[in-house]
Structure formats: structure tokens, C-alpha cells
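Every chain is numbered from 1, with letters handed out A, B, ... down the list of sequences.
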Amino acid sequence: MNTPKRYLITAALPYANGLKHIGHLAGAYLPADIYVRYLKAQKRDVVFVCGSDEHGTAIPIQATKEGTTAQAIIDKYHPIIEQNFKDLGIEFDIYHRTSDPLHHETASAFFKDLEAKGDLETKTSEQYFDEATSTFLADRYIKGTCPNCSHPEAYGDQCEKCGKSLSPEELINPVSTLSGQAPIKKETTHWYLPLNKHEDFLRQWILNDHAKDWRAAVVGQCKSWIDGGLLPRAVTRDLDWGVKVPLASGAGKVLYVWFDAPIGYISATKQWALNNGKDWTPYWNDKETKLVHFIGKDNIVFHCIIFPIMLKLHGNILPENVAANEFMNLEGDKMSTSKGWSIEMDDFINKWIKKDNGGNGLADSLRFYLTAIAPESKDSEFTWKGFQDSVNGELVSIFANFVNRTWVLMHKLCKGKVPAIHIEFLDDEDQAILISVKESKEKITELLEQYKFREAQFEVINLARLGNQYMQKKEPWILAKNMETDPTAQAKIDNTMHACLQLCANLAILINPFLPFTAKKMCYMMKVVDRMLEWENAGGFNLLKVGYSLRPPELLFRKIEDEEIEAELAQLKSNLNAKKTTMDNITPAAGPSDAKDKGLKPEIVFDDFGKIDLRVGTIIDAKKVEKADKLLQLEVDLGTEKRTILSGIAMHFDPAAIIGKQVVVVANLAPRTMRGVESKGMILMAEDANGKLYFVQPSEAIAPGSTIS
RNA sequence: GGCGAGGUAGCUCAGUUGGUUAGAGCACAGGAUUCAUAACCCUGAGGUCCCGGGUUCAAAUCCCGGUCUCGCUACCA
């Protein structure tokens with residue numbers, strides 16, 4: 001195996017707009033931490049960086065809604081998230097933040113460099129400006145008609161109908177979603193990163209060079225993006241929250257958050273170097289550095305396509321691997337903080353670790369289960385019952401129990417000291433256990449190098465299992481009863497207990513990357529310093545010196561009780577209901593999954609209403625539109641004419657069942673073409689809190705074409 | 001609809017470039033034991049490898065078609 005000169009490990013920057021849940025933990029931070037702890041035990045040169053991502057439009061928008069400032073939001077969540085990681089044993093070398101001046105400086109310089117080299121393109125255009133709020137409008141806060149397909153609900157950055165990336169100025173009839181007013185045009189210049197120019201590079205680098213050593217889902221996702229055709233992407237925005245564009249012509253502009261955030265890995269490395277009197281440059285520039293990103297699958301495109309292009313242009317090294325995990329579900333459903341269906345790291349810490357009967361052991365219990373079910377190759381599922389079974393059945397019964405019975409017997413039969421070895425009584429089983437330890441270490445090392453953390457952890461437990469089997473065969477407690485008749489009994493007991501103790505020391509080393517608090521506790525019981533945990537010591541059978549007296553046994557973990565699991569399940573359900581009730585009260589018209597604000601729209605005058613021509617119509621025919629899941633093609637009788645109208649209600653109604661129904665039609669709506677069929681008008685529908693649709697219709701049948709006012 | 005990833009024991013998952021009788025851990029059943037947090041140890045039961053075709057001496061594995069789940073995307077005026 002070719003050992004790199006140094007490592008740089010990153011874990012996805014958490015967005016500092018709220019608490020993070022255990023799905024985030026299992027997806028990126030925990031595997032990264034395990035890998036780093038292993039590398040450090042190997043005495044490799046490694047830096048582990050992370051930090052809060054504090055820019056982007058979402059944070060100032062959230063601030064406005066909550067009546068506070070963007071700064072206040074990040075200042076609230078940054079320290080909480082940082083502390084949560086510490087409490088769970090995620091040990092970054094630095095947890096930085098993108099609001100830090102050093103980051104602004106770094107990101108500015110990065111941008112300047114690409115700009116100076118001519119790697120960015122500029123495009124001056126008239127962009128939309130909302131006079132009501134006197135700001136340029138973020139792409140996603142403008143809606144309008146797509147120039148490509150005439151879809152009227154296209155966002156400023158992309159049309160959802162035809163899938164084209166758009167610039168906001170391409171939209172027809174744009175409307176600010178902030179004020180509801182038509183924005184005016186103002187001239188502005190933006191910088192673009194031409195992703196399309198680097199397709200060949202990406203094809204070679206990902207689809208050839210890393211087709212085999214990267215995870216299937218990662219390569220597959222990238223292939224999908226590359227084959228779909230890449231487009232230039234704007235890297236600046238007209239906004240005042242973020243890293244200022246460092247050019248005179250860029251006044252009032254900031255770097256787009258996706259451009260600025262990954263540079264946060266670099267500024268974090270710089271800050272770490274400053275704090276520790278080191279040089280940061282080789283970590284990002286030297287080819288002998290191995291860079292690995294740990295992320296969730298939602299981040300694949302940024303870490304595999306966009307950021308590598310930036311790094312390449314800037315002259316930095318590229319990631320050796322992007323270890324993206326799938327998602328972790330919770331009790332049968334997707335985790336979602338907004339729906340209340342999640343377990344926040346903060347909640348777990350407060351309810352388990354910081355309780356009277358809690359402690360760091362419980363942090364390790366969580367780490368253990370999350371690693372045991374890590375979504376390395378497919379989505380996995382966290383269940384409280386599974387947590388209980390895994391902790392009680394494997395961690396406590398196999399691992400902790402072996403340590404405990406070893407300690408108890410050692411104190412009972414060997415006076416609390418590491419017994420001597422009596423070579424004349426060593427047998428095949430003693431040899432076998434020694435070999436098993438060495439083999440185990442090799443296997444675990446290999447698995448860790450391949451990012452197979454779930455399996456690696458399983459192997460550690462398996463080694464403890466072997467310990468139990470070994471002890472069972474030797475039965476030192478039986479020998480102890482024959483002490484008077486068998487003069488060799490004590491020597492045999494000594495040999496067995498010596499082996500068990502050395503095995504425990506090995507277990508401490510091997511479990512350390514996964515369960516650092518536990519390894520530390522074992523060191524305390526063994527009265528050894530942390531240096532014993534260095535990886536090279538594993539496999540040895542001389543870790544504890546003969547005659548050394550050890551501390552009395554302490555339980556490493558406690559069992560998880562049924563009542564605790566039931567309480568958590570009940571809590572989860574009540575969270576869900578509470579959130580649902582809140583949402584229903586605030587936005588009675590919103591469906592449960594609809595996060596958009598459906599409060600009242602801005603006031604209009606009567607003339608505005610008068611522009612809408614509403615008519616009663618009768619559905620005379622209905623059929624599904626081909627190649628569209630949700631569209632129904634309706635023929636509607638409006639008295640004077642018959643119209644073709646498309647409506648996105650196929651999921652709710654059977655075409656045959658709605659023929660003959662009377663409906664309300666917006667008769668003077670501009671025609672739209674969807675899926676190749678022109679729709680002339682719109683059917684009014686009512687939607688309840690569950691997303692169910694109802695026709696709006698006259699209370700009694702009346703003549704088609706009747707007007708409504 | 002397009003793309004990506006999956007479908008293997010009751011549950012959670014392994015199965016390397018096709019190669020004997022498809023594996024592990026939980027859970028379950030029986031036995032043994034008592035040093036240990038009712039833990040450990042031994043034994044056992046269990047599967048149409050989603051379905052259907054094809055290639056091959058040989059398919060969980062490769063190819064084609066279908067189906068279901070998840071994600072991205074499109075579609076919901």
C-alpha cells in the first residue's frame with residue numbers, strides 16, 4: 001500500500017440555519033471522524049477540517065421572517081452545532097465558519113485569481129430589481145414565463161418544465177415573489193464559471209480514472225450530470241450577505257454561496273495552520289496530499305463537478321475520493337426537521353448523554369449503532385428498537401461483557417495484577433487467539449482504508465466474540481475450584497487471563513476510531529496512557545506488563561431499557577403532531593409537505609379582479625396526457641365554444657369519473673403548451689391541508705358559459 | 001416520462017474478476033454453563049437470491065424485458 005505523505009479530510013459544512021440531525025451525523029461527520037481517528041492512530045500527518053456555512057440567501061430570508069438579523073441566526077447556531085459535534089466525539093482539528101474575515105479574504109483571493117487568469121466569463125445584462133424592497137432579486141425569487149417552452153412558472157435560475165438552466169433576465173413577464181410586483185430592469189454584471197469547458201476533463205477524471213474506486217452511486221450521479229450537458233454557472237449575486245466581490249466593478253455583489261462555501265475548507269485549513277504554527281499550503285497544493293471529502297448524497301454534484309473544476313483552475317490538488325453516503329431514514333420515513341420527524345443531535349445529547357444515567361458511553365452507543373447501520377451502499381433505517389437491540393445485544397453483551405468478565409476474573413483469580421505467562425502450559429488455543437488478533441488487525445486496517453466502516457466495526461466486535469469463545473473453552477473459574485488437587489491450575493489460569501487482558505488492550509486500540517470515549521475509559525482501567533492506542537501496537541501481546549496492577553472493573557455501557565425506547569417513540573409521534581398542528585394553524589391551506597408560505601397574497605384593487613374572466617363550464621371529455629403523471633386533458637363546454645384545458649389533477653381524479661362535472665374556468669388566461677398540447681384556460685381547484693383537491697363548482701347545475709363575478 | 005441507486009433468511013445486511021451444498025449478526029428453538037450487565041458458549045431450524053426470458057458446461061453475479069422502493073429531474077395554470 002502506498003502511503004500518502006499527508007492527508008486532508010473534510011466533512012460537509014453544515015448550513016448554520018438550524019439544528020442538525022443524526023442523519024447528517026451518520027452521513028458525513030461520523031465516518032469522517034472514524035477515518036481521521038484511524039489515520040491519527042497510524043501517526044499519519046492529517047488535518048480534519050469543517051465549519052459552518054453561513055452565507056446564501058436562505059439565512060437573510062429566514063432572518064426577515066423571524067424578525068431578526070442574519071448575523072443573529074448564524075451566531076446562534078454556529079456554537080450549538082460546534083458543541084454538538086464535540087459532545088458526540090467528532091473531533092475536528094478546526095471547526096471554522098465562513099463569516100470569518102480569513103474566509104472572506106481567502107474566497108476573495110480565490111475568485112480574483114480565477115478572474116485574472118481569464119477562467120471566468122462575465123456577462124453584463126439587465127437584471128431584475130425589486131423597487132419595493134430595493135434589492136436585486138435572487139434568481140429563485142423571480143418567477144415568469146420560460147422563453148424556451150412558455151412555461152409560466154419558471155424560476156429565475158431554471159425552468160422546471162423543460163429543465164433548462166436560465167438567467168432571470170430571460171424570463172417573460174417576471175414577477176418578484178417577495179413583493180408580488182413586477183420588478184424593473186437594471187444593468188448589472190456577473191461572473192460565470194464555464195463548466196461546459198471542462199466536460200472532457202471530468203469525463204476522464206471521474207468516469208475513467210475513478211470509475212472503480214469511487215462508490216457506484218457517486219460515479220452514476222456524475223455521469224448523469226455530465227451526459228446531461230453542463231452549462232456556465234453564475235458565481236456572483238446581487239446581494240449584501242456574503243463574501244464581497246473583490247473588484248471595483250463588483251460593488252454591491254457577493255460570491256454565490258456554492259462558490260464560497262467549499263473554499264471554506266481552504267480557509268479552515270489556513271486558520272488551523274495559524275493556530276498551530278504550521279504551513280497550510282502543502283495540504284492543498286502538494287500532489288502527495290490525499291484529499292478526501294465526506295458528504296451526503298445531496299452534495300455530490302458540488303464536490304465532484306463544480307469544486308474540482310475550481311480547484312483545477314486554481315492550481316490545487318483534486319480529491320482522491322468523495323465518500324458520499326446515502327440517506328438514513330427514521331422509523332419508516334424520511335428524516336425531516338421541519339416535519340418534526342427527526343432526532344436532532346442536540347436533543348439526543350440533552351436527553352441521553354447529559355442525563356443522570358447518561359454520559360459519554362451513550363455517545364459511543366449512538367456512534368456504534370449509526371456505524372452499524374451506516375448507509376454506505378443504500379438508504380438505511382434508524383429505529384429505536386434497532387438502537388436498543390444493537391447496543392444491548394452486541395456492544396454490551398459481546399464487547400463490554402468480555403472486558404468486564406476479564407476484569408472481574410483477573411481481580412478474583414490474579415490479585416488484580418497482570419499475571420505472568422508460563423510457557424510450559426501454553427497450548428494451541430493460546431496460539432490461536434494470538435494469531436486471531438493479528439489477523440483481525442490486518443482485516444480491520446484494510447476495511448478502514450477502503451472506507452468500509454460498518455464492516456470494520458463489525459470485525460472489532462467479532463474479535464471480542466472470539467475472546468468470549470476462548471474464555472469459555474478455558475474456563476478459568478473451573479480451574480480455580482480445583483486449585484487444591486491440581487498444582488498447575490494457577491499457572492493455567494494465569495496464561496488464560498494474561499491472554500484475555502492482552503486481548504482487551506488490543507480491543508481498546510481497534511475500537512478507538514469508532515468509540516473514542518470507550519477506548520479512553522479502557523485505558524483508564526488498564527492504567528495506561530493514550531499513546532498505547534497507537535495503531536502499530538495492535539496485534540501485539542505485550543501491551544500490558546506482567547505484575548502491573550490494574551483498576552477495578554467499571555461498566556463500559558449501560559443497557560437501553562424498553563421504557564426509554566417507548567418514550568422516544570411516543571415523543572417522536574407527538575413532535576410530528578405538534579408540528580402538524582402548528583402548520584395547520586398558520587397556513588390552513590397548505591399541504592403537509594408544502595414549506596412555502598401560503599399566507600394571504602398582497603391586496604389588490606377591484607380592477608385587478610375585474611381582469612379575470614370566470615365562466616362556468618361542463619367537462620365533456622377527459623383523458624390522461626401521455627408521458628405526464630399529473631396532467632389530464634379536458635374538453636370543456638363553455639356554451640359558446642368548446643375548449644381544451646390541461647389540468648394537473650391526474651393523481652386525484654379518474655378521467656371517466658369527472659365527465660359531466662361543472663367547473664369554474666378562467667376563460668381569458670393566456671394559452672400554454674404543456675407536453676405538446678395547448679391549454680386554453682384553467683380549472684379552479686380548492687386544496688385542503690392534506691393536499692386533496694376539490695372542484696369549485698356552482699351549487700346547482702346552470703348553463704355552460706354563465707359568467708361569475 | 002428521463003436519469004441514478006437498490007430489491008438476497010422473519011429483521012439488518014455481506015456476497016470479490018460467473019465455479020462445489022448462497023453467508024454473517026440479530027430474532028427464534030433446543031442444549032450446556034455460572035466468571036460476567038439474565039450476559040456468554042454449543043447446536044439447530046430458514047432462502048423460488050423481485051419476476052420472465054437469453055448467453056454458458058456452469059448465473060445471486062453477464063445480457064434483454066418487466067415490476068417494486070428510494071433519490072435527482074420533469075410534470076402539477
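- B:G4 is paired with B:C70 under the criterion used here, namely a Watson-Crick or G-U wobble arrangement in which both key atom distances are under 3.5 Å.
- A distance of about 23 Å separates the C1' atoms of B:C70 and B:G10, rounded to the whole Å.
- Residue contacts for A:Val396: at a heavy-atom cut-off of 4.0 Å it reaches a base atom on one of the strands shown.
- Remark: the A:Arg465 side chain and the A:Asn468 side chain contain no N/O donor-acceptor pair separated by less than 3.5 Å.
- Taking the P atom of each, B:G7 and B:C51 are spaced 13 Å apart, rounded to whole Å.
- Remark: B:A39 base-pairs with no nucleotide; criterion is Watson-Crick or G-U wobble with both hydrogen-bond distances under 3.5 Å.
- No hydrogens or angles considered: nothing links the side chains of A:Asn506 and A:Gln502 as a donor-acceptor pair under 3.5 Å.
- In this structure, A:Leu466 places its CG atom 13 Å from C1' of B:C41, rounding to the nearest Å.
- Under the Watson-Crick and G-U wobble criteria, each requiring two contacts below 3.5 Å, nucleotide B:C28 is paired to B:G44.
- Donor-acceptor pairing under 3.5 Å is recorded for the side chains of A:Thr518 and A:Asp364.
- Remark: C1' of B:U16 and NZ of A:Lys443 are 13 Å apart, rounded to the nearest angstrom.
- Remark: B:G18 base-pairs with no nucleotide; criterion is Watson-Crick or G-U wobble with both hydrogen-bond distances under 3.5 Å.
- In this structure, the nucleotide among B:A36, B:G25, B:C70 sitting nearest to the side chain of A:Asn401 is B:A36.
- Distance A:Leu362 CG to B:U37 C1': 14 Å, rounded to the nearest Å.
- Atom CD of A:Glu394 is separated from atom CG of A:Asn462 by 9.5 Å, given to the nearest 0.5 angstrom.
- Picking from B:A5, B:G71, B:U34 the nucleotide with the shortest atom distance to the side chain of A:Ile478 gives B:U34.
- A:Asn299 has its CG atom 17 Å from the C1' atom of B:G4, to the nearest Å.
- The residue among A:Asn462 and A:Asn329 whose nearest nucleotide of RNA chain B is located toward the 5' end is A:Asn462.
- Checking B:U56 for Watson-Crick or G-U wobble geometry (two distances, each under 3.5 Å) identifies no partner in any strand.
- Going from the P atom of B:C64 to that of B:U69 covers 23 Å, rounded to whole Å.
- Distances shown here put every side-chain N or O of A:Lys474 at or beyond 4.0 Å from the OP1 or OP2 atom of B:C35.
- Rounded to a whole angstrom, the distance from the C1' atom of B:A9 to that of B:C49 is 10 Å.
- Taking CZ of A:Phe402 as the start and CG of A:Leu463 as the end, the distance is 8.0 Å to the nearest 0.5 Å.
- With respect to A:Glu564 and A:Arg558, a salt bridge is recorded, a charged nitrogen being found less than 4.0 Å from a carboxylate O.
- Atom CH2 of A:Trp225 has 12 or fewer heavy atoms from other residues, nucleotides or ligands within 6.0 Å.
- The same atom, P, is picked in B:C13 and in B:C42; the two are 26 Å apart, to the nearest Å.
- More than 12 heavy atoms of other residues, nucleotides or ligands sit less than 6.0 Å from atom CG of A:Asn357.
- Among the protein residues, A:Ala480 comes within range of no part of the nucleic acid, since none of its heavy atoms lies under 4.0 Å from any strand.
- The interatomic distance linking A:Leu463 (CG) with B:A24 (C1') rounds to 16 Å, in whole Å.
- Seen from the ring of A:Trp258, A:Arg233 counts as a face-on cation partner, given the 6.0 Å and 45° thresholds.
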Between the protein and nucleotides 60-65 of chain B, which nitrogen or oxygen pairs come in under 3.5 angstrom?
none

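- For A:Leu555, counting side-chain heavy atoms from C-beta on, the closest listed nucleotide (B:C41, B:G4, B:U37) is B:U37.
- Taking the C1' atoms as reference points, B:C62 lies 34 Å from B:C26, given to the whole Å.
- Between A:Phe514 and A:Phe453, the gap from one ring centroid to the other reaches at least 6.0 Å.
- In this structure, CG of A:Asn468 is placed 15 Å from C1' of B:G25, rounded to the nearest angstrom.
- One P atom belongs to B:C28, the other to B:C35, and the distance between them is 25 Å to the nearest Å.
- Going from atom CD of A:Gln469 over to atom C1' of B:G25 covers 13 Å, rounded to whole Å.
- Between A:Lys474 and A:Asp427, at least one side-chain N (NZ, or NE/NH1/NH2) sits under 4.0 Å from a carboxylate O, which counts as a salt bridge.
- The side chain of A:Ser397 approaches B:A39 more closely than any other nucleotide in the set B:C35, B:A39, B:G4.
- In this structure, A:Phe402 atom CZ and B:U37 atom P are separated by 15 Å, rounded to whole Å.
- Spacing of C1' atoms, B:A14 relative to B:G6, comes out at 15 Å, to the nearest Å.
- Among the atoms of the strands shown, none is found under 4.0 Å from any heavy atom of A:Lys473.
- Note on A:Phe458: only backbone sugar-phosphate atoms sit closer than 4.0 angstrom, heavy atoms only; bases stay farther off.
- Here A:Asn482 contributes atom CG and A:Thr485 contributes atom OG1; the two are 4.5 Å apart, rounded to the nearest 0.5 Å.
- When distances run from any side-chain atom of A:Lys297 to the nucleotides B:A36, B:G71, B:U37, the shortest one goes to B:G71.
- A:Glu429 CD to A:Asn495 CG: the interatomic distance, rounded to the nearest 0.5 Å, is 12.5 Å.
- Side-chain contact, A:Arg215 with A:Asn325: a donor N or O sits under 3.5 Å from an acceptor N or O.
- Nearer the 5' end of RNA chain B, as judged by each residue's closest nucleotide, is the contact made by A:Glu475, out of A:Glu475 and A:Ala400.
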With 3.5 Å as the limit, what N/O pairs link the protein to nucleotides 11-15 of chain B?
| residue | atom | partner | partner atom | Å |
| --- | --- | --- | --- | --- |
| B:C13 | O3' | A:Arg454 | NH2 | 3.0 |
| B:A14 | OP1 | A:Ser377 | OG | 2.4 |
| B:A14 | OP1 | A:Arg454 | NH2 | 2.9 |

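- Put simply, the side chain of A:Arg551 gets close to the backbone of A:Tyr524: a donor and an acceptor are under 3.5 Å apart.
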Protein and nucleotides 26-30 of chain B: nitrogen or oxygen contacts under 3.5 angstrom:
| residue | atom | partner | partner atom | Å |
| --- | --- | --- | --- | --- |
| B:C26 | OP1 | A:Arg465 | NH1 | 3.3 |

